[in-house]
Asks: 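Okay, here's the structure, questions in a sec.
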Amino acid sequence: MVSARKSPQQPVLERQTQVREPHLYRVCLLNDDYTPMDYVVRILREFFHKSQEDAERIMMEVHLQGKGTCGIYPFDLAETKVTLVTADARQHQHPLRCTMEKE
Ligand code: TYC
């Protein structure tokens with residue numbers, strides 16, 4: 001809340017604090033022909049905290065449909081996950097692509 005009084009005679013002007021939900025971003029994995037399936041499952045477990053069962057399901061969804069959702073996060077968290085996953089994949093010399101898109 002912001003209050004302003006220009007002189008003692010003027011009324012107090014109050015501006016309501018705006019409370020807004022943060023914009024959310026969907027973090028996705030894309031399919032390719034080279035990244036090993038068990039590596040993708042490890043990524044989903046390690047970076048997105050998925051159970052073994054969910055990680056295997058999401059990996060197969062990406063493998064069969066081309067794309068799958070890892071999670072939905074505020075901008076900074078989504079961006080960090082994309083950066084960390086991409087860095088890990090390159091370190092292991094896999095072409096895995098991880099993207100984010102506004103919800
Ligand atoms: N298509 C890959 C394979 O057959 C597996 C894979 C799944 C790759 C998901 C990327 O995001 C991916 N080894």
Side-chain angles (χ1 to χ4, degrees):
M1 173 139 44
V2 175
S3 301
R5 198 197 291 270
K6 287 195 176 137
S7 76
Q9 288 75 34
Q10 280 183 330
V12 174
L13 301 175
E14 290 186 351
R15 183 160 23 107
Q16 255 190 337
T17 304
Q18 305 245 2
V19 179
R20 297 226 179 103
E21 296 294 320
H23 290 137
L24 294 177
Y25 292 77
R26 182 182 296 266
V27 175
C28 295
L29 286 178
L30 305 183
N31 190 34
D32 67 73
D33 291 339
Y34 305 102
T35 304
M37 290 182 173
D38 58 351
Y39 175 78
V40 177
V41 170
R42 178 174 82 67
I43 288 290
L44 286 160
R45 297 209 58 173
E46 199 169 299
F47 292 95
F48 300 97
H49 312 293
K50 302 296 183 189
S51 65
Q52 180 68 24
E53 195 185 351
D54 282 354
E56 287 175 6
R57 181 181 51 74
I58 295 166
M59 182 280 295
M60 280 310 291
E61 183 184 321
V62 179
H63 177 68
L64 295 173
Q65 296 175 24
K67 191 178 188 179
T69 299
C70 306
I72 296 174
Y73 308 98
F75 182 87
D76 283 5
L77 190 49
E79 194 184 39
T80 300
K81 287 186 188 285
V82 169
T83 300
L84 293 176
V85 168
T86 304
D88 193 286
R90 296 303 167 269
Q91 239 169 51
H92 290 85
Q93 303 186 323
H94 298 313
L96 180 65
R97 280 170 300 158
C98 183
T99 64
M100 60 193 270
E101 51 194 58
K102 199 167 180 205
E103 274 290 276

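Read the numbers this way: they start at 1 and go in the same order the structure lists the ligands and their atoms. Source: prediction; values computed, not measured.
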Asks: Does a side-chain heavy-atom distance below 4.5 Å link Arg42 with His92?
Replies: yes

Asks: Does Asn31, backbone or side chain, put an N or O under 3.5 Å from an N or O of ligand 1?
Replies: yes

Asks: Considering distance alone, does some N or O of Leu29 sit under 3.5 Å from an N or O of ligand 1?
Replies: no

Asks: Any side-chain donor-acceptor pair under 3.5 Å between Tyr39 and Asp88?
Replies: yes

Asks: Looking at side-chain heavy atoms only, is the closest gap between Leu96 and Ile43 below 4.5 Å?
Replies: yes

Asks: Tell me which one of His63, His94, Met60 gets a heavy atom nearest to atom 4 (O) of ligand 1.
Replies: His63

Asks: Do Met100 and Phe75 come close enough that some side-chain heavy atom pair is under 4.5 Å?
Replies: yes

Asks: List ligand 1 atoms under 4.0 Å from Leu96, heavy atoms only on the residue side.
Replies: 10 (C), 11 (O), 12 (C)

Asks: In the structure I gave you, are the side-chain heavy atoms of Leu29 and Arg97 within less than 4.5 Å of one another anywhere?
Replies: no

Asks: Would you mind running through ligand 1 and noting each atom that sits below 4.0 Å from a heavy atom of Thr35?
Replies: 2 (C), 3 (C), 5 (C), 6 (C), 8 (C), 13 (N)

Asks: What atoms in ligand 1 come closer than 4.0 Å to a heavy atom of Val62?
Replies: 9 (C), 11 (O), 12 (C)

Asks: Relative to ligand 1, is Asp32 under 4.0 angstrom through side chain, backbone, both or neither, heavy atoms considered?
Replies: both

Asks: Checking a contact table here: which protein heavy atom is nearest atom 11 (O) of ligand 1, and how many Å away?
Replies: Leu30 O, 2.8 Å

